[in-house]
Enquirer: 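Can you read through this structure? Questions will come right after.
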2 protein chains.
Amino acid sequence: MKRTSLEKADCPIARSLDAIGDWWSLLIIRDAFLGLRRFSEFQKNIGLAKNILTVRLRALVEHGILTTAPASDGSAYQEYVLTPKGRGLFPILVALRQWSEEFSADAFPTLLVDRDNGRPVQKLELRAEDGRLLGPGDTELKPNPKVSRRRRVLA
Amino acid sequence: MKRTSLEKADCPIARSLDAIGDWWSLLIIRDAFLGLRRFSEFQKNIGLAKNILTVRLRALVEHGILTTAPASDGSAYQEYVLTPKGRGLFPILVALRQWSEEFSADAFPTLLVDRDNGRPVQKLELRAEDGRLLGPGDTELKPNPKVSRRRRVLA
DNA sequence: TCCAGTGGTTGCATTATTAAACTAGATTGC
DNA sequence: GCAATCTAGTTTAATAATGCAACCACTGGA
């Protein structure tokens with residue numbers, strides 16, 4: 001049976017989901033962006049079972065999203081910190097946040113703001129090379145000329 | 001046991017994940033953006049079990065992301081199409097795609113391009129009110145003044 | 001030394017996922 | 001008009017993931 005792996009999928013979205021597409025991983029990453037680093041911090045803040053946190057942290061490390069650093073406050077414990085690849089997930093988190101804010105009926109207790117002046121940030125927008133705003137209907141998928149010849153499953 | 005529901009979480013990211021945070025939902029939505037509409041189209045293209053597709057489609061409809069329309073080619077069957085709320089997920093898909101493209105070693109067979117001129121789109125970027133580019137460290141979460149007083153769990 | 005906190009592991013019950021078989025109604029081929 | 005096939009599911013039974021609680025070795029502080 002086995003839970004189908006999307007690791008080798010030809011679709012970049014599927015590949016992303018393979019790395020972060022389960023319930024808890026993105027919440028862990030969200031907390032990592034908020035500055036949490038320790039096992040117990042994640043466990044307390046997210047409220048998931050410890051054995052699952054163990055598995056998720058290991059998977060995130062294996063995917064190169066988190067890395068274990070040997071302490072920072074002098075204690076003998078280790079910490080989990082975001083790699084550059086992990087920090088690259090920032091736009092995804094922002095997009096998820098903005099989607100809820102836009103389409104959920106009620107307001108949320110926190111607001112994402114510019115640290116320099118405390119003002120809310122802009123909405124993420126997709127733009128063309130020349131700066132024009134692009135909606136879903138203004139884009140299409142084109143074969144990538146850099147790729148010679150491969151099976152074209154899961155566009 | 002029960003899989004913990006994040007439906008009432010105070011965190012907008014958690015709420016998004018409650019709606020679309022499982023393996024298959026986002027792939028279904030991706031295919032919906034590509035123009036697929038029928039049960040069998042999703043099933044063939046994604047390759048998931050039909051009973052699961054049934055459950056996922058129902059959940060997406062309940063969340064207001066998809067809606068069922070009564071045909072379009074004249075047949076007596078129904079179709080699943082994106083609502084405005086569903087189309088609002090576009091930046092999330094783009095962010096997932098761009099993350100894979102940036103951090104995956106190998107190239108992907110398709111490229112997201114501007115339909116008007118076939119040129120690749122820009123990377124999604126978070127900008128301040130005045131247009132300055134913002135990274136993860138340039139932002140913070142501030143209490144939302146619109147919210148009176150609530151439990152502040154799951155920031 | 002004692003004792004709470006950290007970072008897990010193990011066992012077991014419950015739930016989710018899966019492939020495969022089955023089905024009722026719609027559509028097509030002839 | 002009738003059989004074959006397609007559509008959009010449901011059912012079943014096996015396997016995998018999840019959750020909770022208990023346990024455990026090690027650390028750090030009083």
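Keep in mind it's a predicted model, so treat the numbers as computed, not measured. Residue numbering restarts at 1 for every chain, and letters A, B, ... go by the order of the sequence lines.
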Enquirer: Regarding B:R30 and B:S25, do their side chains bring together a donor and an acceptor under 3.5 Å, going by distance alone?
Expert: no
Enquirer: Once you round it to whole Å, what is the distance between P of D:dA17 and CG of A:D22?
Expert: 11 Å
Enquirer: Does a side-chain heavy-atom distance below 4.5 Å link A:Q122 with B:D130?
Expert: no
Enquirer: State, with a plain yes or no, whether a side-chain heavy atom of A:Q98 is found less than 4.5 Å away from one of B:I92.
Expert: no
Enquirer: Looking only at the side chain of B:R56 (C-beta and beyond, no hydrogens), which of the listed nucleotides C:dA19, C:dT17, C:dG11 gets closest?
Expert: C:dT17
Enquirer: Can we call the ring centroids of A:F33 and A:F90 under 6.0 Å apart?
Expert: yes
Enquirer: If you compare every side-chain N and O of A:W24 against the phosphate oxygens of D:dG19 (OP1, OP2), does one of them come in below 4.0 Å?
Expert: yes
Enquirer: Which letters describe nucleotides 21-30 of chain C, given B = protein heavy atom under 4.0 Å from base, S = only from sugar-phosphate, - = neither?
Expert: ----BSS---
Enquirer: Going by an N to O cut-off under 4.0 Å, is there a salt bridge joining A:E41 and A:R37?
Expert: no
Enquirer: Would you kindly give the CG-to-C1' distance between B:L53 and C:dT18, to the nearest whole Å?
Expert: 13 Å
Enquirer: Check this one for me: any side-chain N or O of B:R38 less than 4.0 Å away from OP1 or OP2 of D:dA8?
Expert: yes
Enquirer: Using a cut-off of 4.0 Å on non-hydrogen atoms, how would the nucleic acid contact of A:Y80 be classed: base, sugar-phosphate, or nothing?
Expert: sugar-phosphate
Enquirer: From CG of B:N51 over to C1' of D:dA8, roughly how many Å is that when rounded to an integer?
Expert: 12 Å
Enquirer: Between C:dT9, D:dG9, D:dG19, which one does the side chain of A:T54 approach most closely?
Expert: C:dT9
Enquirer: Scan A:Q43 against the nucleic acid and name what it touches under 4.0 Å (heavy atoms): base, sugar-phosphate only, or nothing.
Expert: nothing
Enquirer: Among D:dG19, D:dT10, D:dG9, which is the nearest nucleotide to the side chain of B:R58?
Expert: D:dT10
Enquirer: State which of D:dT7, C:dG7, C:dT9 makes the closest approach to the side chain of A:S40.
Expert: C:dG7
Enquirer: Does CZ in B:R115 sit with more than 12 non-hydrogen atoms of other residues, nucleotides or ligands closer than 6.0 Å?
Expert: yes
